Novice: 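I have a structure I would like to understand better, so I am pasting it below and will then ask my questions one at a time.
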Amino acid sequence: MVLFGKQKKLNSSSAPKALGNDSVLRIIGDRGSGKTAYLASLAYWPNASRESPVKSITPIGEEAQELIDQARDILEQGLQLEPTDLNADINEVKDYNLSITLKDRFSWLQGSSKLVQLNISCKDYAGEFFSDLLYKKGDPKLEDYLGDCCLARGLLMLVDGTSHRKDNEFAMGMEKLLMEIERSDMETNHRRIALVLSKCEQSELWVNRHQPKKVASRFPKLSAQLETWSQSSTGTVEYFTTSAFGVLGQHYPEPNSMRLKRSRHGTTSIIKKPKLWRPFGLVSPIYWLCTGQRHSELDRD
Amino acid sequence: MIMQNKIDIHEFSTGIEVKGTPNGWESGGFTGEYMNRTIDPIPQAVLDSIANRQFALAEGVVTADPAMVGRVVRGYGEIWSVVAVVTRGRDDRGRGVSLYRYFLSQGDGRIETILLWMGKPRVFNPFDRRDIGQPHQANLSPKEVRLTEEFREMLNQSLPILVPNEKPCAALRLNEMTRNLPPNDDRAWAYKVAMLERPEYFQVIYPADDQAEMVIREVLNRRQSLPVLTSGESGIKTAIKAVTNVRVRREHIETLENALGNSQLNDKYWESILDKEGASQAFRENLYGDRYVRLLTLKAMLIPQFLPYFLDWLAESKEWKTHYATSLSLQKWMLREAPKFTDDFSNLSERLKFGICYVIDCLVDEPQILKQSQLLLTDSGLWSQLYQKSLSKELEAVLSLMGNYIEKRQKQNLQSLRVQYPQWSRLLNKINKFWYPPEQHDPNYKSLAKLFEKVGTARLVAIFYQIGEGSVPKPLFDKLSTNKSEIVLFKKKIYRRKNLGDRAKELTEEVYFFFCGTVDIGGINMSRFMALIILLAVFTGGFALGIIVRWPSLIAGSETAQIQPNNTNNNNNQQSNNANNSNNQQSTSEPTPVPNNNNNEGDQGKRVQASPSPEYNMTNSAIEAIVDDLKGEIELQVRNFPENPFPQTIKDDFYKEKSNINSKGIVISCIKDKLGLPTDFQYGDVGKEEQKWAEFSTAIREYQLRKGARSILADGVISLKNATGKDKGQTRKWLEEDIRECLELSESQSNQPRTPDRIRRRRWPWEIN
């Protein structure tokens with residue numbers, strides 16, 4: 001190929017195998033549940049473990065690069081991220097694109113070191129969207145957001161694990177969202193919702209990090225809502241525990257975070273020791289949302 | 001509104017839910033709408049600028065003093081002077097929030113008035129309620145702001161100018177600095193800022209403290225290579241996002257259309273803004289997610305040269321059909337939003353058209369994108385609509401014009417055609433050679449024929465099959481003409497391809513016409529069938545008679561031995577005759593060395609001809625006649641243009657001596673060219689060697705077929721005009737015309753002075769390329 005050959009760097013044979021055809025995700029959750037911090041930590045991927053099945057996480061485009069800037073210039077400096085602005089135009093909402101490369105977990109069987117790739121695009125809605133679901137009706141902006149939300153096959157519902165006193169509100173918000181999703185679906189598309197419990201570096205959550213359903217049971221109404229939905233539709237739900245900041249120490253772990261505020265809304269904190277910053281469980285829900293399969297290696301510490 | 005030296009100053013603030021606290025208030029979250037505003041709607045240019053982060057302070061950095069940003073915003077036919085005062089608040093989750101209070105006045109140069117009116121910065125206050133239509137009023141009293149020499153010197157620095165923190169400075173002075181800079185659309189300054197999200201979007205920055213100065217400098221160094229922001233870029237970005245998210249609406253298409261009309265936004269700009277979304281990365285790393293397919297589809301719309309690359313990128317995926325379906329659904333969505341796309345969006349349509357032209361051009365050398373190109377032009381997407389609606393007709397029109405100009409040798413017009421249709425110029429440069437002799441074809445063009453075949457544009461299919469394969473498949477040809485074997489299309493002859501049936505029919509006809517044809521035996525003209533019967537009768541009768549008469553001697557076997565020497569003698573006689581003939585022929589052939597007969601005797605591949613065949617004699621006579629016909633014109637041409645009378649393909653040995661011009665040599669050179677014979681083919685050998693004659697005759701027959709002779713008439717012989725041969729001198733006529741063309745002779749040439757343009761044109765037209 002004379003003309004095109006000059007521009008190409010990768011050919012299809014050497015490229016990692018892409019997993020999951022539809023990798024359009026939306027991350028939703030209450031204000032302050034840690035959505036932007038989750039994405040910034042994911043994009044930055046600090047102090048990655050050698051044993052981790054995640055080989056690399058590459059930002060694609062300017063906005064994903066901004067995530068890395070936020071992680072480096074704000075979180076790593078022990079500062080707080082500002083709340084994400086509620087854009088009037090849904091098209092102005094930042095759409096973060098990341099390419100996550102994993103070592104193929106079955107490669108040892110095949111005697112190869114083939115890589116697999118998850119290419120995701122994930123919109124980070126302002127937390128106000130979720131509360132507006134409850135308290136606003138017929139608002140054109142909300143309708144636009146709902147319409148956009150329904151475009152995604154995978155929804156990552158992020159819930160601050162320490163905000164269990166708001167279970168009732170979350171359950172009602174989720175009920176409304178599921179209703180809208182059902183109305184918007186022309187065809188019965190298979191949709192996945194990952195209920196991701198964040199801020200699990202907090203001691204009361206960390207002890208049960210490997211039993212996400214148990215942590216989710218702190219939100220009985222929300223969990224029941226999702227279970228009912230998955231049983232009555234073609235959708236599936238799965239539970240995950242994550243921590244954007246991680247913990248310090250292995251045998252006697254303590255949160256790598258300094259708590260600034262704790263209320264019924266949850267916990268607000270900043271990183272305690274940036275040099276030891278290693279997030280936990282961030283890729284696992286994305287892998288499941290993209291493939292429908294749980295990757296047990298990604299749930300390990 | 002301006003009233004008696006007073007101007008209106010509007011304002012609006014970040015919209016938050018205000019929650020009371022024991023110490024005052026906190027934010028309970030954003031409302032998504034601006035609050036405390038005096039204007040509705042807020043000018044779109046200002047909204048775009050805010051969305052584009054042109055007022056945004058970087059997160060995480062807290063300063064006690066309010067920061068200020070001043071900027072002149074343009075767009076949508078309006079100019080607004082805007083000052084934003086930024087302070088830090090807190091929300092109910094304990095997070096810091098940047099809160100903005102914007103002041104704006106219509107027109108350029110109002111920033112100074114706003115600052116003078118404001119005095120101390122008016123900071124965000126959720127309880128300072130404002131009513132729409134009730135702006136502030138300020139006196140339009142310009143105040144002279146003087147820049148000290150120190151600040152003047154700073155104006156020579158590269159932008160953005162970072163005013164050192166240790167120098168006392170006021171916002172008014174920063175604004176004056178921007179006014180003293182060379183005129184520029186973007187006038188923006190930032191005052192007492194800890195950090196800006198986009199420091200590169202400013203002209204003058206005054207940092208809040210030493211630490212801030214260091215951080216800003218570092219970030220600026222890091223971002224030096226970033227392209228300059230363009231006004232309206234936010235709208236463009238939103239439109240791009242809408243396209244990639246399949247939420248595109250008509251206004252987004254309008255934004256892109258208008259941006260394409262801005263000559264400052266060149267392909268490089270589009271490339272860079274699409275790269276911010278990851279276009280090049282997706283292309284390079286073969287990321288075939290739906291979003292990227294849509295993003296690259298948009299890139300192919302905005303940058304026409306990219307369309308073939310996009311198709312190639314698709315072709316590299318095994319699931320390219322699925323990906324193309326994603327692209328197609330975006331195209332259909334856009335068509336639904338803008339049903340009269342081609343009428344309403346001329347800039348975009350033009351780009352789409354150019355893209356198709358690039359694809360057509362690329363297909364010649366890059367056939368691997370054929371299937372994708374076929375889908376592009378057949379499925380009901382944007383490109384297909386454009387092609388069907390106007391482009392196929394345009395291409396046909398351009399080919400017609402090219403054919404006309406070549407036929408009339410209007411080189412200037414041919415060049416102006418390329419200027420008039422730059423999108424087709426590359427293709428025209430490539431294909432115009434096929435309109436000139438010798439007849440040739442290039443299999444690379446088959447992919448174009450297959451593309452147009454799929455698209456269903458019959459005339460284009462035919463011409464590109466002709467160019468690609470030298471003939472047009474019968475079913476396709478029959479769509480243009482059912483009862484001819486050749487027709488002229490775009491001033492070029494195209495030939496119908498023969499199928500098996502045709503060949504069988506031809507053979508039958510040949511046999512039939514062979515027997516029906518006449519033959520001259522002993523001055524008596526009779527049909528070949530008759531002659532055959534007579535010959536058979538004579539031969540078999542004579543043989544029978546011989547057996548009867550010679551029976552006894554044949555039985556003795558002695559007569560045979562006596563006859564043998566006579567036969568040998570006869571052969572010797574024939575050989576000597578042949579040698580004489582050879583000498584005669586040599587005198588009339590090209591002045592090129594003729595191989596020695598003696599050397600040829602040992603060559604098994606070359607059988608010496610016993611005597612020149614009647615067909616050769618007829619052909620040679622016809623060639624002599626052509627030479628006689630053209631001799632005068634050739635000599636005249638040499639006299640008139642002694643420097644460069646003929647194309648370079650004619651050796652100058654033939655006309656170097658003006659007193660002894662070898663017209664036959666010149667004519668034979670042209671004939672070899674027209675017959676497709678190699679230049680080293682020796683015509684002198686044709687009368688001497690059977691194999692050479694066979695080769696020459698075959699070339700004539702192919703020439704006759706190319707010229708459209710029916711196969712039974714294509715006899716491989718050039719006959720005289722009044723000859724009784726099959727073609728009645730037609731081949732000679734064709735050749736004479738072609739030789740004139742080859743030598744650039746014309747009927748009227750001897751009477752008409754050549755124009756300077758024609759004189760210059762001593763190169764073949766395809767050498768223009």
Side-chain angles (χ1 to χ4, degrees), chain A residues 1-4 7-12 15 18 21-24 31-32 58-64 66 70 73-75 77 79-93 95 97 99 117 119-121 123 126-128 131-132 141 144 147-148 151 260-261 263 265-266 268, chain B residues 14-15 17 27-33 47 51 58-62 91-98 195 197 215 234 237-239 241-242 244-247 252 275-279 281-292 308-309 312-313 316-319 322 362 365-366 368-369:
Chain A
M1 199 167 57
V2 180
L3 181 62
F4 301 125
Q7 285 213 352
K8 289 277 176 175
K9 284 191 179 164
L10 265 182
N11 61 36
S12 40
N21 289 331
D22 203 342
S23 51
V24 179
R31 291 173 48 232
T58 316
I60 298 169
E62 188 187 46
E63 288 180 344
E66 280 174 17
Q70 283 183 320
D73 300 339
I74 301 173
L75 295 177
Q77 304 308 316
L79 299 169
Q80 263 183 300
L81 288 173
E82 282 193 18
T84 303
D85 199 2
L86 178 63
N87 293 86
D89 185 344
I90 180 68
N91 289 311
E92 282 172 10
V93 174
D95 192 2
N97 293 281
S99 180
Q117 200 171 43
N119 297 311
I120 61 156
S121 92
K123 272 192 187 176
E128 284 80 353
S131 44
D132 284 355
K141 185 170 72 230
D144 268 359
D148 182 75
L151 292 175
L260 299 180
K261 189 172 180 177
S263 69
H265 297 302
T268 307
Chain B
T14 307
E17 297 281 354
S27 165
F30 296 114
T31 59
E33 285 171 10
L47 289 177
E59 287 184 35
V61 190
V62 187
D91 76 354
D92 54 354
R93 311 294 154 98
R95 298 177 292 183
V97 190
S98 294
M195 184 53 202
E197 267 197 30
V215 174
S234 166
K237 275 184 164 180
T238 306
K241 280 189 172 185
T244 53
N245 293 330
V246 216
R247 295 186 65 78
H252 298 128
D275 278 352
K276 285 179 184 175
E277 299 295 319
Q281 215 172 337
F283 178 77
R284 212 171 38 241
E285 293 172 18
N286 286 336
L287 307 177
Y288 290 103
D290 290 354
R291 181 183 175 277
Y292 301 117
Y309 290 96
D312 183 56
W313 178 76
E316 283 200 6
S317 167
K318 284 176 190 165
E319 295 167 19
T322 315
C362 270
D365 301 315
E366 309 286 343
Q368 77 276 12
I369 58 169

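Below, chain A is the first sequence line, B the second, and so on; all start at residue 1. Small disclaimer: the values here were computed from a predicted structure and weren't measured.
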Novice: Only pairs of heavy atoms separated by less than 4.5 Å count here; which of Ala51(B), Ala282(B), Gly32(B), Gly94(B) has the most with chain A?
Specialist: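 That would be Gly32(B).
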Novice: Give the member of Leu260(A), Thr58(A), Asp89(A), Asp144(A) that has the highest number of heavy-atom pairs under 4.5 Å with chain B.
Specialist: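 Highest number of heavy-atom pairs under 4.5 Å: Asp144(A).
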Novice: Can you tell me which portion of Asn245(B) sits under 4.5 Å from chain A's heavy atoms? Options are side chain, backbone, both or neither.
Specialist: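 Contact with chain A involves both backbone and side-chain atoms of Asn245(B).
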Novice: Kindly indicate whether the side chain of Arg291(B), heavy atoms from C-beta on, has any atom under 4.5 Å from the side chain of Asn119(A).
Specialist: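 In short, these two side chains do not touch, never coming nearer than 4.5 Å.
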Novice: Side chain from CB out, backbone as N, CA, C, O: work out which of these in Ile90(A) comes under 4.5 Å of a heavy atom of chain B, or both, or neither.
Specialist: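 Looking at Ile90(A), just its side chain touches chain B.
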Novice: Within this structure, what is the OG-CG distance for the pair Ser121(A) and Asp290(B), rounded to the nearest 0.5 Å?
Specialist: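 Ser121(A) OG to Asp290(B) CG: 9.5 Å, rounded to 0.5 Å.
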Novice: If I compare all heavy atoms of Gly96(B) with all of Pro83(A), which pair ends up nearest, and what's the gap?
Specialist: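 The pair with the smallest heavy-atom distance is O-CD, 3.3 Å.
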Novice: Does the side chain of Arg247(B) reach to within under 4.5 Å of the side chain of Leu151(A), using non-hydrogen atoms?
Specialist: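 Heavy-atom side-chain distance check passes, below 4.5 Å.
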Novice: Where does Asp132(A) contact chain B at under 4.5 Å (heavy atoms): side chain, backbone, both or neither?
Specialist: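 Contact with chain B involves no heavy atom of Asp132(A) at all.
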Novice: Sequence neighbours left out, what passes side-chain hydrogen bond (donor to acceptor under 3.5 Å, both in side chains) with Glu63(A)? Give chain and number order.
Specialist: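 Applying side-chain hydrogen bond (donor to acceptor under 3.5 Å, both in side chains) to Glu63(A) gives Lys241(B).
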Novice: If you tally heavy-atom pairs under 4.5 Å against chain A, which of Gly15(B), Gly278(B), Gly29(B) wins?
Specialist: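 Of Gly15(B), Gly278(B), Gly29(B), Gly29(B) has the most heavy-atom pairs under 4.5 Å with chain A.
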Novice: So which part of Gln77(A) gets closer than 4.5 Å to some heavy atom of chain B, the side chain, the backbone, both or neither?
Specialist: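 When you check distances to chain B, no heavy atom of Gln77(A) falls under 4.5 Å.
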Novice: Let me confirm one number: the CG-NZ distance from Asp91(B) to Lys261(A), rounded to the nearest 0.5 Å.
Specialist: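 Taking CG in Asp91(B) and NZ in Lys261(A), the distance rounds to 7.5 Å.
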Novice: Name the member of Val215(B), Asp275(B), Asp365(B), Asp92(B) that forms the most heavy-atom pairs with chain A at distances under 4.5 Å.
Specialist: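 With the most close heavy-atom pairs to chain A, the winner is Asp92(B).
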Novice: State whether Glu62(A) and Lys237(B) are salt-bridged, where the test is any N-O pair (Lys NZ or Arg NE/NH1/NH2 against Asp/Glu carboxylate O) under 4.0 Å.
Specialist: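 A salt bridge links Glu62(A) with Lys237(B).
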Novice: Taking side chain as C-beta onward, heavy atoms only, is Glu128(A) less than 4.5 Å from Thr31(B)?
Specialist: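 No, side chains not in contact.
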Novice: Answer with yes or no whether the side chains of Glu82(A) and Ser98(B) bring together a donor and an acceptor at under 3.5 Å.
Specialist: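 A donor-acceptor contact under 3.5 Å links the two side chains.
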Novice: Can a donor-acceptor pair be found, under 3.5 Å and without considering hydrogens, that links the side chain of Thr238(B) to the backbone of Asn91(A)?
Specialist: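 Not confirmed, Thr238(B) side chain does not pair with Asn91(A) backbone.
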Novice: Spell out, as yes or no, whether a donor-acceptor pair under 3.5 Å connects the side chain of Arg31(A) to the backbone of Gly28(B).
Specialist: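 Pair found, side chain donor or acceptor close to backbone of Gly28(B).
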Novice: Between Arg95(B) and Leu81(A), is a side chain to side chain contact (heavy atoms under 4.5 Å, CB included) present by the stated rule, with each step listed?
Specialist: CA-CA 8 Å; Arg95(B) 298 177 292 183; Leu81(A) 288 173; over 6 Å; no
Novice: Quick one: side chain to side chain contact (heavy atoms under 4.5 Å, CB included) partners of Asp85(A), sequence neighbours excluded?
Specialist: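 Per chain and number, Asp85(A) pairs via side chain to side chain contact (heavy atoms under 4.5 Å, CB included) with Phe30(B).
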Novice: Atom CD of Glu33(B) and atom CG of Leu86(A): how far apart are they, to the nearest 0.5 Å?
Specialist: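 Reported to 0.5 Å precision, the distance equals 9.0 Å.
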Novice: List the steps and the verdict of side chain to side chain contact (heavy atoms under 4.5 Å, CB included) for Leu287(B) and Ile60(A).
Specialist: CA-CA 10 Å; Leu287(B) 307 177; Ile60(A) 298 169; 3.2 Å; yes
